[in-house]
Undergrad: 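Dumping the structure here so I can ask a few things about it.
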Amino acid sequence: MFVGHYAAALAGKAIAPKAPLWTYVGAAQLIDIGWSSLVMAGVEKVRFDPDLPGSPLILDHMPWTHSLPAAIAWSLAGLMLARWLLKLPWWTALAVGLVVFSHWATDWLVHRPDLEIWPGGQKVGLGLWNLPGAEKTLEMGLIALTAGCWLWNRGRFGRTAWPALLFLLYLVTLQMIGELSAPTGDAFAFARLGLSVYLVTIAVAWLADRGQNRDEA
Ligand SMILES: [Zn+2]
């Protein structure tokens with residue numbers, strides 16, 4: 001699950017549009033922003049096996065970002081930041097927190113069991129990565145569905161569709177590049193690339209959704 005995480009961002013934007021899109025896009029990958037930073041710092045670990053179906057990632061150790069209690073803590077942090085730093089209403093801040101948590105829920109669908117229910121405890125994951133066709137269909141289906149809701153909502157506020165369509169084109173391009181490129185086996189370089197993509201995507205979302213949030217209810 002990579003681009004599919006952004007489906008939750010588009011859903012959040014459609015349901016609680018007072019937060020700018022970049023906030024939701026950052027929220028959807030907040031846990032992986034933490035993960036790539038901690039992998040670069042050597043605190044969390046990733047290895048690669050190109051023979052695995054769906055994704056080459058072997059995620060042995062990520063208690064600070066992808067255990068259930070950690071995901072809840074990151075979600076609460078997202079909620080607080082949205083409320084107190086961005087001064088968003090409680091309902092919208094709650095939506096931001098839920099989008100942060102959606103990352104863990106969608107990872108649970110696709111990861112092979114590597115998500116700890118508690119640090120050091122049982123690991124869970126439905127392993128949809130083992131069925132790459134179904135996993136890709138789910139990912140792109142979620143994006144298409146939530147993008148439809150978001151575009152419909154933009155229409156209600158008299159906003160043009162094209163910046164949203166460009167953002168979608170960007171996501172589809174990201175997905176295709178992701179499909180074609182295999183990690184080199186260098187965990188630090190992989191995490192650094194991931195972190196850059198997450199940050200660039202936040203900037204692209206900001207560009208695609210500038211202004212006009214105040215009049216949206
Ligand atoms: Zn993740």
Side-chain angles (χ1 to χ4, degrees), residues 1-12 23-49 52-79 81 96-132 134-136 138-140 142-143 146 171 174-175 177-179 181-183 187-202 205:
M1 186 69 62
F2 174 47
V3 166
H5 285 301
Y6 293 118
L10 300 182
T23 311
Y24 286 120
V25 162
Q29 293 289 26
L30 184 64
I31 286 177
D32 268 6
I33 289 173
W35 175 79
S36 33
S37 309
L38 290 182
V39 168
M40 286 167 71
V43 176
E44 298 205 334
K45 306 282 178 217
V46 60
R47 293 180 294 129
F48 307 92
D49 178 353
L52 284 172
S55 161
L57 304 185
I58 301 176
L59 299 152
D60 310 289
H61 185 71
M62 39 179 195
W64 301 103
T65 56
H66 285 72
S67 68
L68 182 57
I72 293 170
W74 284 89
S75 307
L76 288 174
L79 188 157
L81 284 175
V96 171
L98 287 173
V99 169
V100 176
F101 190 75
S102 74
H103 182 98
W104 193 87
T106 36
D107 269 359
W108 172 74
L109 284 178
V110 301
H111 281 216
R112 290 174 274 268
D114 54 25
L115 305 163
E116 292 170 337
I117 292 291
W118 63 89
Q122 190 195 347
K123 293 185 175 182
V124 295
L126 287 185
L128 210 53
W129 272 340
N130 293 329
L131 304 168
E135 197 272 332
K136 295 287 169 282
L138 174 77
E139 209 161 347
M140 297 320 283
L142 284 174
I143 286 281
T146 52
L171 287 185
L174 259 191
Q175 176 79 16
I177 295 173
E179 297 291 316
S181 48
F188 183 88
F190 180 77
R192 186 180 51 195
L193 176 65
L195 187 59
S196 327
V197 171
Y198 302 138
L199 298 180
V200 167
T201 308
I202 292 174

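Only this structure's heavy atoms are used, side chains among them; waters, hydrogens and symmetry mates stay out. Both counts, for ligands and for their atoms, begin at 1 and track the order of listing. A quick note: this is a predicted structure, and the numbers were derived from the prediction, not measured.
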Undergrad: Suppose we only allow N, O or S atoms; which atom of Asp107 ends up nearest to the Zn ion (ligand 1)?
TA: OD2
Undergrad: Has Trp129 got more than 12 heavy atoms of other residues, nucleotides or ligands less than 6.0 Å from its CH2?
TA: yes
Undergrad: Strictly under 2.8 Å, is the Zn ion (ligand 1) approached by any N, O or S atom of His5?
TA: no
Undergrad: Taking 2.8 Å as the cut-off, does His111 contribute an N, O or S atom near the Zn ion (ligand 1), distance below it?
TA: no
Undergrad: Relative to the Zn ion (ligand 1), which of the N, O or S atoms in Asp32 is the closest?
TA: OD1
Undergrad: Under a 3.5 Å cutoff, is there a donor and acceptor pairing between the side chains of Thr65 and Glu44?
TA: yes
Undergrad: Tell me yes or no: between the side chains of Gln29 and His103, is some donor less than 3.5 Å from an acceptor?
TA: yes
Undergrad: Would you call the rings of Trp35 and Phe190 parallel, tilted or perpendicular, taking 30° and 60° as the class edges?
TA: perpendicular
